[in-house]
Each structure stands twice: as C-alpha cells, then as structure tokens.
Amino acid sequence: MPELPEVETLRRELDKEVVGKRVKTVEVTGMKTIHRHTNRKSFIEKVEGQKFTAVERRGKYLVLTLDSGELLVIHLGMSGQLLRAANKDPMPKHAHVVMTFTQHGQLRYVDPRKFGEMFVTAPDELTNEVPELAELGVDPVEEPMSWTTFGEMLVSRKMKLKAFLMDQKIIAGIGNIYSDEILFAAGLRYDRMTDSLSSQEIRRLYRGVVETLHDAIKYGGSTLGDGQYVDLHGEPGEYQEHHQVYDREKLACRRCRVPIVKAKFQSRSTYFCEQCQV
DNA sequence: CGATCTACCTGATGGC
DNA sequence: TGCCATCAGGTAGATC
C-alpha cells in the first residue's frame with residue numbers, strides 16, 4: 001500500500017512524535033513481522049530501553065536510529081500501519097509489535113497481510129542483511145538530479161516506462177499508484193519503451209516524477225476505499241481526491257473527458273487515458 | 001543478466 | 001444469507 005509519499009508522511013510524523021522518546025517495553029505477537037531475528041527475545045532486547053534519536057526514509061523503508069547506535073528498519077509491505085496510541089486505547093486486530101514509551105503512550109505496528117517487516121541491525125551490517133536496501137536506486141525527492149542524467153538512465157535500458165518507474169533499483173519509492181499518476185502527468189503511456197522518448201518527453205517524465213510525488217506528500221498520501229493507509233494518528237490521506245487516473249476506471253478524464261481505461265500490466269492494474277497519454 | 005510469473009497473507013467486494 | 005472467485009499500495013525467488 002504505502003509508496004514514497006505515504007512513507008514520507010509517516011517519517012515526518014515519527015520525527016515529530018517518536019524521535020526523542022524512550023521505549024520502556026516491547027511486545028511481539030508472532031514471528032512473521034520480525035522474521036529476520038531468530039527469536040522474539042533477540043529483537044525485544046535490542047529495542048527495550050532504547051531512545052529513538054533519528055528517523056530517515058530510504059525509498060519505501062523507514063530507518064530509525066537507536067541510542068545504542070543500532071538501526072530499527074521498517075518496511076510496511078502492502079497493509080502495514082504505524083500508529084501512535086494511548087496505552088489504554090483498544091488494541092486493533094493484527095497489532096504484531098507494540099512499543100510502550102516511558103511516557104506518552106505507544107507506537108503500534110499493525111499489518112493484516114503480514115507482508116511488512118521490521119528488524120534491528122548494526123549500521124555496518126545493513127547492506128549485508130538487506131541487499132534490497134544496498135541496491136536501492138536514487139530517491140527522487142531527497143536527491144534531485146538533472147533531467148539529462150534522468151534521460152541517460154532511461155536510454156541506457158530497454159524496458160516499458162511503468163516497469164522503469166517501479167524498479168526500486170533504479171528509482172526508489174514509486175509503486176503502482178504513483179507510476180500511473182506520473183505517466184498521466186507526463187502524457188505518456190505505461191507501455192512506451194524507455195529508449196523511445198524524445199528529449200521533450202524525457203523532461204516531461206522527469207517533471208512528472210518530481211511534481212507528482214511532492215504534490216502527493218503535500219496532501220498526506222493516498223488512502224483508497226479500503227482505508228488501509230492511514231497516518232500515525234490513524235487519519236487518511238487526501239491525495240486520492242487529486243488522482244487523475246488511479247482507481248478511476250470508466251470515469252471521465254479530468255483533462256479530456258474520455259473514460260479512463262483499466263488494463264493489466266505485469267499482472268497488476270494500470271489506469272490511463274487513451275487520449276491524453278501517447 | 002533481464003524479463004515474467006507466483007507465492008506470501010487477510011479482508012473486502014461482487015456475482016450467483 | 002452464504003459461498004466462491006477476484007482483487008488489493010510490495011517484494012523475493014523461481015523459472016525461463
């Protein structure tokens with residue numbers, strides 16, 4: 001569920017509300033979420049008593065620094081949520097990890113589908129333990145680049161635009177929703193080849209990436225009908241109200257009024273406008 | 001090496 | 001009302 005804008009929204013909230021807090025106790029239910037640890041105890045021992053000193057985002061990963069120097073790495077998968085709550089608030093279903101602070105409530109990790117995970121690791125082991133993180137591509141929000149550099153990245157491979165945008169080893173943080181929104185913003189079809197773009201189209205695509213992601217962050221990310229993505233306070237985002245194509249099958253294109261089309265790409269849904277995207 | 005599919009899970013939704 | 005199939009923001013691993 002959560003892509004770069006949703007994870008960035010959470011990062012900013014964690015920075016305000018969790019950094020500086022000390023963990024008193026940790027409860028873990030089941031091993032799936034912390035599967036990289038051999039047992040619950042080895043995870044709990046590394047977190048209990050620790051204070052969070054910083055939080056950063058790498059693509060769709062969150063990395064919290066503990067005052068032991070170790071890192072708590074979190075990936076939300078499809079349905080993961082991080083929620084601040086008072087100790088007495090009713091515990092939601094599928095709360096797999098609950099951290100109680102010495103003061104001011106809890107941080108809860110809730111994840112019905114259990115595709116997400118978290119683990120603690122030393123900074124110098126991070127790349128061994130998480131090759132995905134080591135191979136992560138550029139962050140389009142944190143590390144702006146020139147459109148000519150972007151153009152070289154595009155031309156140097158031969159793949160469809162949507163696959164390029166969603167490849168975490170090339171650009172980190174873009175998933176199924178934002179790739180569609182970016183391609184609409186750029187006026188390009190999802191199945192155009194990376195090496196077929198004119199320089200004007202390259203510029204439009206790069207602008208689409210940066211502007212779409214910034215806009216989505218501004219509105220706190222996208223929450224779809226199932227309400228799965230919510231922020232640290234359980235509040236939905238608002239960017240879905242600004243979607244041009246995603247989840248808008250058969251609705252009129254906001255630009256040309258032609259109905260939005262839903263197609264399959266790599267066995268996933270893709271939405272686009274046949275008139276505005278070429 | 002790169003491109004494509006399937007598995008991992010639970011829950012919501014729609015057709016019959 | 002119930003049953004079954006389908007679909008859902010992500011990624012890794014198998015298979016070609």
Side-chain angles (χ1 to χ4, degrees), chain A residues 1-11 29-36 57-62 73-82 92-97 109-119 128-137 153-154 156-183 190-195 212-213 216-217 219-231 236-250 262-271:
Chain A
M1 136 234 284
E3 304 179 33
L4 187 152
E6 290 77 30
V7 179
E8 177 61 20
T9 301
L10 280 169
R11 188 200 65 76
T29 315
M31 280 302 296
K32 187 92 204 284
T33 299
I34 55 160
H35 72 269
R36 295 193 201 231
R57 179 185 58 72
R58 302 202 198 168
K60 301 173 191 169
Y61 288 84
L62 286 165
V73 181
I74 304 175
H75 192 286
L76 301 171
M78 289 275 264
S79 60
Q81 302 177 334
L82 284 171
K93 248 183 162 180
H94 310 295
H96 307 304
V97 180
Y109 177 72
V110 177
D111 187 3
R113 294 177 73 179
K114 300 182 194 163
F115 288 177
E117 63 159 329
M118 68 173 72
F119 59 92
N128 287 333
E129 223 175 311
V130 203
E132 313 92 87
L133 246 155
E135 295 170 16
L136 219 49
M153 288 167 61
L154 270 170
S156 68
R157 31 212 124 200
K158 199 177 172 63
M159 57 202 290
K160 291 180 178 168
L161 287 183
K162 179 148 170 147
F164 173 87
L165 290 174
M166 293 212 300
D167 189 334
Q168 303 302 301
K169 291 176 184 162
I170 305 174
I171 306 173
I174 299 170
N176 206 36
I177 293 180
Y178 293 104
S179 56
D180 282 5
E181 293 298 320
I182 287 165
L183 287 163
Y190 66 96
D191 53 359
R192 277 283 293 280
M193 297 303 288
T194 48
D195 58 356
T212 301
L213 295 175
I217 293 168
Y219 287 101
S222 303
T223 300
L224 300 184
D226 59 10
Q228 287 238 56
Y229 167 71
V230 288
D231 70 10
E238 289 174 7
Y239 192 67
Q240 66 283 357
E241 293 162 25
H242 300 266
H243 284 183
Q244 302 293 310
V245 287
Y246 192 86
D247 204 21
R248 287 179 50 77
E249 185 186 15
K250 296 192 175 119
K262 180 181 182 175
K264 281 275 175 218
F265 175 69
Q266 294 182 344
S267 55
R268 315 186 66 185
S269 297
T270 291
Y271 300 85

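Side chains included, hydrogens not; waters and symmetry mates left out as well; all remaining heavy atoms used. Convention: sequence-line order gives letters A, B, ...; per-chain numbering from 1.
For K60(A), a side-chain nitrogen or oxygen approaches OP1 or OP2 of dT11(C) to under 4.0 Å. In this model, the phosphate group of dG10(C) is approached by a side-chain N or O of R268(A) to a distance below 4.0 Å at OP1 or OP2. In this structure, K264(A) reaches the dA8(C) phosphate: one of its side-chain N or O atoms is under 4.0 Å from OP1 or OP2. Contact between the side-chain N/O atoms of H75(A) and the OP1/OP2 oxygens of dT11(C) is found at a separation under 4.0 Å. H94(A) has a side-chain polar atom (N or O) that falls below the 4.0 Å cut-off from OP1 or OP2 of dG11(B). Applying the 4.0 Å criterion to OP1 and OP2 of dC8(B), one finds that K32(A) has every side-chain N and O outside that range.
Here the separation of dC9(B) from dC3(C), taken at their P atoms, is 24 Å to the nearest Å.
K160(A) and D191(A) are not joined by a salt bridge, as no carboxylate oxygen comes within less than 4.0 angstrom of a charged side-chain nitrogen.
Between D111(A) atom CG and dT11(C) atom C1' the separation is 13 Å, expressed in whole Å. The distance from atom NZ of K114(A) to atom C1' of dG11(B) is 13 Å, rounded to the nearest whole Å. The distance between atom CG of L76(A) and atom C1' of dC8(B), rounded to the nearest whole Å, is 17 Å. Regarding H96(A), its NE2 atom lies at a distance of 11 Å from the P atom of dC9(B), rounded to whole Å. Going from atom CG of L133(A) over to atom C1' of dT11(C) covers 12 Å, rounded to whole Å. F164(A) has its CZ atom 14 Å from the P atom of dG2(B), to the nearest Å. Remark: C1' of dT11(C) and CD1 of I174(A) are 16 Å apart, rounded to the nearest angstrom. In this structure, Y178(A) atom OH and dG10(C) atom C1' are separated by 15 Å, rounded to whole Å.
Comparing dA3(B), dG11(B), dC9(B) by their closest approach to the side chain of M159(A) singles out dA3(B). Comparing dA8(C), dG11(B), dT4(B) by their closest approach to the side chain of Q266(A) singles out dT4(B). Of all nucleotides listed (dT11(C), dT6(B), dG10(C)), dG10(C) comes nearest to the side chain of E3(A).
Stacking annotation: F115(A) is not stacked on the base of dC9(B) (requires ring centroids less than 5.5 angstrom apart and an interplanar angle below 30 degrees).
Across the strands present, dC9(B) finds no partner; the criterion is a Watson-Crick or G-U wobble pair with both atom distances under 3.5 angstrom.
Nucleic acid contact for K93(A): sugar-phosphate only, since backbone atoms but no base atoms lie under 4.0 Å from a heavy atom of the residue. K169(A) comes within 4.0 angstrom of no nucleic acid atom, judged by non-hydrogen atoms across all strands. Residue contacts shown for Y246(A) are limited to sugar-phosphate atoms, with no base heavy atom under 4.0 Å away.
Under the 30°/60° scheme for interplanar angles, the aromatic rings of Y246(A) and Y271(A) are found to stand perpendicular. Relative ring orientation between Y239(A) and Y219(A) is described as tilted, the plane-to-plane angle lying within the 30° to 60° band.
Without hydrogens or angle criteria, S79(A) side chain to R113(A) main chain gives a donor-acceptor distance under 3.5 Å.
E181(A) contributes atom CD, which lies 12.5 Å from atom CG of L165(A) (distance to the nearest 0.5 angstrom).
The 5' end of DNA chain B is approached more closely, in terms of each residue's nearest nucleotide, by A163(A) than by the other of G225(A) and A163(A). Nearer to the 5' terminus of DNA chain B, by closest-nucleotide assignment, is the contact made by R113(A) (compared with the other of R113(A) and D226(A)).
A side-chain donor from one of Y178(A) and E6(A) sits under 3.5 Å from a side-chain acceptor of the other.
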